[in-house]
Amino acid sequence: CCQTAYVHSVLLTLFLMRPVCHFRLATFRSERIGHFIGETDLAIQLMKMDTSRSTRDLFIFPTEVCNTYLQGLYWQALESMPRVTVMDACTSGLARRLLNPARHLASVVMSSGKSHWAYAGSPVGGGIDSDPCGLRPSGRPHVSLNPLDKQRASSHALAMGIDLRAPFVCLQVRDSAYLSKLDSSRDWSYHDYRDPDPTTYISTVEYLLAEGFQVIRMGREVNGPFPFDGSGFIDYAVSVGRSDLLDVMLFAGSSLVISGSSSGIEQLGTMFNRPLVVTNFIPFADPRWAVEVGMFLPALLRNRASGEFLPLSAMMQSRFGNSREYRESGLEIVRNTPDEIVEIVAETLERSRGTWSTSIEDESLQASFWAWAETCEISRKLPKGPWSTSHYRARLGSSFLYNYRDL
């Protein structure tokens, strides 16, 4: 009760000050990188779009930050904007006292369904793994990389066998390790439905190495080494040389980001507009990511009793966020095959180079698919806001769409 009274007293004070100075109080969900990047980029973008803004914005960094180098980049980007003050709860007593009122404000504003999103919260109903900053034009990146930091990162990477001057691909295959490390007291097994088998990505690694790319397996915490070893492949996620600086620089300089099931870490590539392909995408939500070249493959669902695949229209209605719900609904998750993953990676690379040869049939099938998906209410869980009228949307892999058109 005392905490609630305190929060409301702070907000009342800000309200009473409006005739003199209109303050907006904002904070970040900075303990998880997907939220940190998507929501902060969205706040910056919306402030840039709001040319009539007459407020004084106070942004507060919480005590838990997933990437300190990224925090520094955002600090510089925010402080370079007019009428913005940045505070750190780790070093400022005032910031710590304002943190809970800022969190309360973000929760209220997001729940209202309005587009006052500079409060840096997640749009309620935004869907699992949708990019909060999926609107077009995105204006990304919103941060600037220091040339000296690039040189330092290049030197560290070279010591690990990574040449940042040569083309390389960042690969991440989602598992439960990061969340388990973040909060070991919580049972995160409800997220297991999102974790594909790393062995299904070995063919893709071999394909990319044959194409002349270095392949770097990314991750801050992982359950174990990647099941592959070869020249040009670096299992960076289990390396002692992994750092917050290199996490950012590797994604920023990559030729392609491959995500084995959508996960927050892919946002490090998205924030720099790197080509992105998401495989084993589940649940079947609207894939809105603010990148110019974005591709995806959904994981399929099969009825355990009959052994038949669910139509994609039914998959869009079965957007469960818990492994238990899939089991109780009698559904089996069918992951993408190694060949399907190689096919869409090859397509994404060609599209990023501008060498992809399409056909009238391919484009017609893609357009027909999304028109049909809209009738199946693929966007029904998305909130109203800036991106409801102008947004980036990933493409479904051409071979996958052709092969499964009956579904």
Side-chain angles (χ1 to χ4, degrees), residues 22-30 32-61 65-67 70-86 102 105-107 109-110 112-127 129-145 248 251-252 257 262 264-276 285-294 379 382-394:
H22 184 183
F23 284 99
R24 288 195 303 196
L25 195 58
T27 187
F28 309 94
R29 291 180 62 185
S30 56
R32 293 173 66 176
I33 201 157
H35 290 285
F36 190 23
I37 294 172
E39 296 162 18
T40 309
D41 273 7
L42 180 61
I44 293 173
Q45 175 63 20
L46 290 171
M47 286 193 293
K48 288 181 176 179
M49 294 167 63
D50 184 8
T51 55
S52 63
R53 192 164 54 88
S54 58
T55 59
R56 183 74 192 182
D57 293 316
L58 304 179
F59 281 91
I60 302 172
F61 280 104
V65 178
C66 57
N67 186 299
L70 186 61
Q71 178 188 21
L73 294 179
Y74 276 135
W75 192 297
Q76 294 172 10
L78 288 163
E79 284 209 318
S80 68
M81 302 184 72
R83 301 181 298 279
V84 171
T85 298
V86 188
L105 260 182
S107 175
V109 172
M110 295 306 111
S112 71
K114 297 178 181 179
S115 58
H116 301 140
W117 292 358
Y119 288 88
S122 284
V124 174
D129 295 320
S130 62
D131 174 10
C133 193
L135 75 160
R136 179 202 306 266
S138 68
R140 283 172 163 173
H142 294 302
V143 299
S144 300
L145 298 176
V248 174
F251 274 104
V257 174
S262 191
I265 194 173
E266 75 199 25
Q267 290 284 335
L268 279 170
T270 303
M271 70 180 293
F272 291 100
N273 196 19
R274 307 317 301 151
L276 170 68
D286 200 344
R288 298 185 178 188
W289 306 308
V291 292
E292 294 175 18
V293 180
S379 304
L382 287 174
K384 294 180 179 179
W387 71 342
S388 62
T389 56
S390 179
H391 60 267
Y392 286 89
R393 178 184 269 155

Item to check | For S138 against A290, the heavy-atom pair lying closest together | outcome: CB-CB, 3.7 Å
Item to check | F36 side, atom CZ; L70 side, atom CG - distance, nearest 0.5 Å | outcome: 5.0 Å
Item to check | Candidate pair N273 and E292, rule side-chain contact (heavy atoms from CB on, under 4.5 Å), full reasoning | outcome: CA-CA 7 Å; N273 196 19; E292 294 175 18; 3.3 Å; yes
Next on the checklist: Please determine whether side-chain contact (heavy atoms from CB on, under 4.5 Å) holds for the pair M47 and L78, giving the CA-CA distance in whole Å, both sets of side-chain angles, and the decisive distance to 0.1 Å.
Outcome noted: CA-CA 10 Å; M47 286 193 293; L78 288 163; 3.9 Å; yes
Checklist outcome for this item: CG (L25) and OG1 (T85) are apart, to the nearest 0.5 Å, by 11.0 Å
Next on the checklist: Let me confirm one number: the OG-CD distance from S262 to Q267, rounded to the nearest 0.5 Å.
Outcome noted: 7.5 Å
Item to check | Plane angle bin for F28 and F59 - parallel if under 30°, tilted between 30 and 60°, otherwise perpendicular | outcome: parallel
Next on the checklist: Evaluate V291 against Y392 for side-chain contact (heavy atoms from CB on, under 4.5 Å), listing each step before the verdict.
Outcome noted: CA-CA 7 Å; V291 292; Y392 286 89; over 6 Å; no
Next on the checklist: What verdict does the side-chain contact (heavy atoms from CB on, under 4.5 Å) test give for V257 and L268, after you've listed the backbone C-alpha separation in whole Å, the side-chain angles of each residue and the deciding distance to 0.1 Å?
Outcome noted: CA-CA 9 Å; V257 174; L268 279 170; over 6 Å; no
Next on the checklist: Less than 3.5 Å apart, any donor N or O on the side chain of E266 or T270 sitting next to an acceptor on the other?
Outcome noted: no
Checklist entry - Roughly how far apart are M81 CE and K48 NZ, rounded to 0.5 Å? => result 6.0 Å
Checklist entry - Minimum heavy-atom separation for R136 to H391, with atom names? => result NH2-O, 3.3 Å
Next on the checklist: Nearest 0.5 Å, please: how far is CD1 in I265 from CG in N67?
Outcome noted: 9.5 Å
Next on the checklist: For a quick test of reading the model, state the closest non-hydrogen atom pair linking R32 to C66 and the distance between them.
Outcome noted: C-SG, 4.0 Å
Next on the checklist: Looking at every non-hydrogen atom in both residues, tell me the closest pair between G38 and R140 and how far apart they are.
Outcome noted: CA-NH2, 4.1 Å
Checklist entry - Do R393 and D286 touch side chain to side chain, with heavy atoms closer than 4.5 Å? => result yes
Checklist entry - Nearest 0.5 Å, what's the CG-CE distance between D41 and M271? => result 5.5 Å
